[in-house]
Every structure is written in structure tokens, then in C-alpha cells.
Amino acid sequence: MSLTAVIDFETTGLSPTQGDRATEVAIVLLEGDQVVDRFQSLMNAGVRIPAFIEAYTGITNAMVASAPPAEAVMADAARFVGDAPMVAHNAAFDRRFWAAELERADRPATQPFACTLLLSRRLYPQAPSHKLGSLAAFHALPSSGRAHRALADAEVAAALLSQIRHDLRRQYGVGECRHDLLVQVQGSARKAVPKVIARYLEGG
DNA sequence: TGCCAGGCCCTCTTTAGGGCCTT
């Protein structure tokens with residue numbers, strides 16, 4: 001059974017190219033749909049967290065002041081993930097911070113990413129919203145702590161990933177739902193999803 | 001101090017505009 005690393009960052013803003021930095025990272029390691037390990041740490045990037053971000057995440061400047069340096073945390077996170085393919089909700093966001101923070105730590109970011117937001121848009125067009133919290137309510141996923149903290153959100157994203165895999169198995173007869181299938185589905189038009197999966201099952 | 005950027009998706013589209021999603 002293959003491993004998947006579900007990651008969530010809390011940050012000072014939306015864009016690492018605009019100077020925003022990570023303040024917390026959490027990674028849930030799945031073996032199949034089973035959580036087998038967790039990684040979570042605040043990190044001190046040496047930048048000030050805006051007040052509205054403190055209110056949004058609950059992560060304060062005082063909290064990160066006593067946290068380990070970002071480079072050390074990212075080195076540990078990279079070792080924790082290893083070669084496992086990664087998943088995040090709105091992965092474009094987390095992938096940018098994963099790459100930017102690892103570059104600062106002088107480490108490569110080679111893991112492929114799949115995205116539960118893109119997958120949910122394909123598979124659950126009837127959902128009222130594709131925000132992580134809304135999808136959790138839509139699927140009645142268990143809540144695990146304060147939203148907008150890294151580990152709680154990573155746990156919810158992992159549960160959402162398991163729901164997605166479950167539905168792919170149930171609706172399309174997919175056996176082991178591999179990461180490359182997720183990438184193919186999220187990259188196809190919604191109406192093309194059944195055809196993409198059928199081609200995948202034929203070994204194409 | 002504050003809702004920044006980037007990418008996806010839909011439609012009153014494609015020579016574009018705007019909403020959604022992440023912090």
C-alpha cells in the first residue's frame with residue numbers, strides 16, 4: 001500500500017513571491033486510507049504576522065517567536081515526507097510555500113501534488129461550496145480541532161481525500177486509487193472524468 | 001495596514017471578466 005503525505009501550511013499571507021512566509025506546517029501521512037503518522041510544527045521565519053492573520057489562524061507573533069527556525073522545521077518536514085506524493089486542499093497554494101520554504105532551507109521540492117479542491121470540483125459539483133470546511137460538512141467528515149490551524153486542516157483534508165478515493169472506488173470500480181489517477185482526474189474537464197478513469201482502468 | 005497572487009472555472013466566452021479558493 002502506497003504512502004501519501006497530506007500537507008497544510010499556515011502563513012503570513014497568500015504569496016511567497018510577495019514576502020509572505022510560513023508560520024506553521026502539518027503533514028498527515030496516509031497508508032491507503034489509514035493515518036499512520038503525523039508531523040506538526042510552528043516555525044519562526046523572522047517576519048511579523050499581520051494582526052488580521054493572527055485573528056484568522058490564532059497563531060500569534062509571540063507563538064512563533066519561541067518556535068524553531070523555519071529552515072530547521074522544513075528540513076524535518078522534508079525528511080518526514082521523503083518521496084511520498086503529496087496532497088493539499090488548493091494545492092497550488094501549499095505547493096508554492098512548500099517549494100519556497102524548502103528553497104530557503106536549501107532542499108529540493110520534487111514531490112508531485114494532487115489537489116482535493118480540484119478533485120472536489122470534478123466529483124462533487126453539487127456541493128454548495130468547495131471550501132475545506134464546507135466540504136467537510138457536506139460529507140459529514142469528523143472535525144479535528146480548530147479550523148485554520150495546520151494539523152486540524154491537514155486532518156480534514158486527509159479525510160476528504162479518503163472520501164474522494166472511496167467515491168472513485170464505489171462509482172467507477174477503481175481498485176487501488178493511486179496518486180497518478182488523482183492527478184489525471186483533477187486535470188481533466190468535469191464531463192471527461194468517466195472517460196479518463198475508464199482509460200486509466202484499461203491501463204492506458 | 002491589509003484581503004495582496006496565482007490558478008482554475010464558468011459564461012452574458014474564446015480579441016474577457018469575474019468568482020472561487022488558499023493565508
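Only a predicted model underlies this, so the values are computations on that prediction, with no experimental measurement involved. Every chain is numbered from 1, with letters handed out A, B, ... down the list of sequences. The figures here come from the full heavy-atom set of this structure, side chains too, leaving out hydrogens, waters and symmetry mates.
Remark on DNA chain B: of its neighbouring residues A:Ala51 and A:Arg121, the 5'-side contact belongs to A:Ala51, judged by nearest-heavy-atom nucleotide. Nearer the 5' end of DNA chain B, as judged by each residue's closest nucleotide, is the contact made by A:Arg48, out of A:Leu132 and A:Arg48.
A side-chain donor from one of A:Asn61 and A:Glu54 sits under 3.5 Å from a side-chain acceptor of the other. Side-chain N/O atoms of A:Thr116 and A:His89 include a donor and acceptor closer than 3.5 Å.
Judged by distance alone, the side chain of A:Glu10 and the main-chain N or O of A:Ile59 form no donor-acceptor pair under 3.5 Å.
A:Thr23 comes within 4.0 angstrom of nothing in the nucleic acid, heavy atoms only. Residue-level contact check: A:Arg190 touches the backbone only, with heavy atoms under 4.0 Å from sugar-phosphate atoms and none from bases. Among the protein residues, A:Asp94 comes within range of no part of the nucleic acid, since none of its heavy atoms lies under 4.0 Å from any strand. Residue-level contact check: A:Phe9 touches the backbone only, with heavy atoms under 4.0 Å from sugar-phosphate atoms and none from bases.
One P atom belongs to B:dG6, the other to B:dC12, and the distance between them is 29 Å to the nearest Å. For the P atom pair drawn from B:dC10 and B:dT23, the interatomic distance equals 22 Å after rounding to whole Å. Nucleotides B:dC3 and B:dG7 place their P atoms 22 Å apart, quoted to the nearest Å. Rounded to the nearest Å, the gap between the P atom of B:dC20 and that of B:dG2 is 23 Å. The separation of B:dT1 from B:dG18, taken at their C1' atoms, amounts to 26 Å, rounded to a whole angstrom.
When each of A:Arg169, A:Gln171, A:Arg170, A:Arg165 is checked for a side chain to side chain donor-acceptor pair (under 3.5 Å) with A:Asp167, only A:Arg170 meets the rule.
Hydrophobic clustering (side-chain heavy atoms under 4.5 Å, transitive across Ile, Leu, Val, Met, Phe, Trp, Tyr) groups A:Val87 together with A:Tyr124.
Remark: aromatic rings of A:Phe97 and A:Phe93 are close, center separation under 6.0 Å.
Between A:Glu71 and A:Arg104 there is no salt bridge, since none of the side-chain N atoms of the basic residue sits less than 4.0 Å from a carboxylate O of the acidic one.
Think of the region where chain A sits on DNA chain B: with heavy atoms and a 4.0 Å cut, that region ends 5' and 3' at B:dG2 to B:dT23.
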